[in-house]
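First the structure, which I've put down as structure tokens, then a few questions once you've had a look.
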Protein chains: 2
Amino acid sequence: MNPARRIRDEIAASIQSGAWRPGHRIPTEQELAARYGCARGTVSKALSELAASGLIERRRKAGSFVAHPPVHSAVMTVPDLAELIAARGEAYRWQALAIERLTGGDDGFARPALAIEGVHFAADEPFAFEQRRIALGEVADAADADFEAQAPGTWLLAHIPWTEGRHVIRAVTPTRKEARLLGIGPSTACLELDRTTWRAGGVVTHVRQLFRGDRFDLVAEFRSGLESARPS
Amino acid sequence: MNPARRIRDEIAASIQSGAWRPGHRIPTEQELAARYGCARGTVSKALSELAASGLIERRRKAGSFVAHPPVHSAVMTVPDLAELIAARGEAYRWQALAIERLTGGDDGFARPALAIEGVHFAADEPFAFEQRRIALGEVADAADADFEAQAPGTWLLAHIPWTEGRHVIRAVTPTRKEARLLGIGPSTACLELDRTTWRAGGVVTHVRQLFRGDRFDLVAEFRSGLESARPS
DNA sequence: CTTCATATTATGTCTAGACATAATGACGCA
DNA sequence: TGCGTCATTATGTCTAGACATAATATGAAG
């Protein structure tokens, strides 16, 4: 086994088993190097990984300590809806309801913008209702895309990779119009997902998706560091 | 600026700006070392960080490539409810409704177990309804804890750090009993959060929390790698 | 033309040593 | 007692070189 990996795993095990409580001071790099019979650089690499994964904290001169607040961060993968539905083995379809070019007005979103409304279908039943804005100043190509044929999320994913963003998730009761579009009763709970996406500089798109509560869950996992941050 | 950091940031910028599309081959470590006038180890470290953050993929002999599917993973921090409410500047209170020791029966959860039901209050109004199981085989101390005085989540967070787990989030309509406990109408949408938590070996606890849809959102952020996986 | 062995190559990991940096703690002075 | 200074110390980063490993590319044999 790699010395670096071995050191990393043994320290991680000591922490996760509870043998080393939060705040416990880890031996210095020199001590560990002597104990494992390897160079300090190797120990340093192992500790760096543990620090990156949040398991320990390192302070110059002071040493390395078992990290202290185990705030649970969960990783939620947000796949493209077309993929998600295909993965379920259901047929996917997108239907645009309205596509409009906004030049004036003010809703807090940049202008010019494209405003798109539509419904995602799974197995020919409504699955989610989507309202979207795309900033044409950031994504000029979007003006030429055919959003009747392709859902804007799918198009954006292929054309504007590597963005940052923020989701807000809530439970809401649909409006009468939304309930009709989703083919559900007016008191069926829906999951609302508000996503703002940006790329160095400006907001690229904002989308509000309303999911039928009875056909959709979100799954998020948390783990104590190690393995890559981004499980493919 | 650190050479390593500089290399890392310049490559990340090339990717995020779209100049290097997914699949693009990154110069070899040797070429980069020569271009930046540093040792190969330094380049390797920079590329390792980019790979860990998911921005690139590295393959022996083949080289390093801009990673290809930018599946959006969002990081959701799941704070303790007591902390969350305190952070809002509201008074927090926990009220236990039932605490029971389960030895027989079978609901798919280990035995013996502690079954706890209660309500979380914010500013003296019901905020969330909680149903929990704790595996006494994994957490023997829990038998002596006072869950009338302290919410089980708070106690567990302090006593059982470093766990892994899984959330399932949905929108639901509350049952009549739940609506009454939360002080809402029977058709107010609620956010349901199902969390299973485990630690090397066994499931530690399972909790189902039902939030008033009008008083709670979940926030999740995604970003293209870099900064630590676990923002404190 | 296919198949298998081999050479090449880029990454993966490690070493031993160097200097930088930041924070602690001790010492001395007011 | 209180405060500023300075040496100490542990981590942070880097280097130049070495060997390991895996996968591609090449070439020889069938």
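Naming convention: chains lettered A, B, ... in sequence-line order (proteins, then strands); numbering from 1 in each chain.
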With the side chain defined as heavy atoms from C-beta on, A:N2 is closest, among D:dT15, D:dC14, C:dC14, to C:dC14
Could you tell me whether the side chain of A:R58 has a donor or acceptor atom within less than 3.5 Å of a complementary atom in the base of D:dT13? no
Would you say the side-chain atoms of A:R21 pair up with the backbone N or O of B:P161, donor to acceptor, closer than 3.5 Å?
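Answer holds: no.
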Closest nucleotide among C:dA10, D:dT8, D:dT11 to the A:K61 side chain:
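Taking heavy atoms from C-beta onward, the closest nucleotide is D:dT8.
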Inset, instruction - Return yes if a side-chain donor-acceptor contact under 3.5 Å exists between B:T205 and B:R195, otherwise no. - result: no
hbond_proxy A:R5 side chain to C:dG12 base (donor-acceptor, 3.5 Å cutoff):
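Donor-acceptor pair under 3.5 Å: no.
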Worksheet item: Can you tell me if the side-chain N/O atoms of B:T42 get under 4.0 Å from OP1 or OP2 in D:dT13?
Response: no
On DNA chain C, more 5' by nearest nucleotide between A:A62 and A:G41 is A:G41
Closest to the B:E29 side chain: D:dT11, C:dT15, C:dG12?
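So the nucleotide nearest the side chain must be C:dG12.
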The nucleotide from C:dT15, D:dA22, D:dA16 with an atom nearest the side chain of B:A39 is D:dA16
Measure CZ/A:R60 against P/C:dC19 and give the value in whole Å, please.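 Nearest whole value for this atom pair: 17 Å.
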### Message
Between B:S64 and C:dT11, is there a contact of a side-chain N or O with OP1 or OP2 at under 4.0 Å?
### Response
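Yes, because at least one side-chain N or O of B:S64 sits under 4.0 Å from OP1 or OP2 of C:dT11.
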note: B:Q30, atom CD; C:dT11, atom C1'; distance rounded to Å ~ 11 Å
A:Y36 OH to C:dC14 C1', in whole Å, measures 17 Å
| query | How close or far is atom C1' of D:dC14 from atom CZ of B:R8, stated in whole angstroms? | reply |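 It is 16 Å, rounded to the nearest whole Å.
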Is there, by distance only and without an angle test, a donor paired with an acceptor across the side chain of B:R59 and the base of D:dT21 below 3.5 Å?
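Answer is no: no donor-acceptor pair is held.
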message: From CG of B:L47 over to P of C:dG12, roughly how many Å is that when rounded to an integer?
response: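 Checked: the CG to P distance equals 8 Å.
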Would you kindly say whether B:Y92 and B:E83 are connected by a side-chain donor-acceptor distance under 3.5 Å? no
Over 12 non-hydrogen atoms of neighbours within 6.0 angstrom of CD in B:E10:
yes
In whole angstroms, the gap separating C1' of C:dG12 from CZ of B:R40 amounts to 8 Å
ask   = Please give, in whole Å, the distance from D:dT11 C1' to A:K45 NZ?
value =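 It works out to 18 Å between those atoms.
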- Query: Which is it for B:T163 and A:Q16 under the side-chain contact (heavy atoms from CB on, under 4.5 Å) test, yes or no, and what are the steps along the way?
  - Reply: CA-CA 8 Å; B:T163 54; A:Q16 290 176 346; over 6 Å; no
Inset, instruction - Among the candidates C:dT11, D:dT13, D:dT11, find the nucleotide nearest to the side-chain atoms of A:S44. - result: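 Selected nucleotide: D:dT13.
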Between CD of A:E57 and C1' of D:dA10 the distance, given in whole Å, is 16 Å
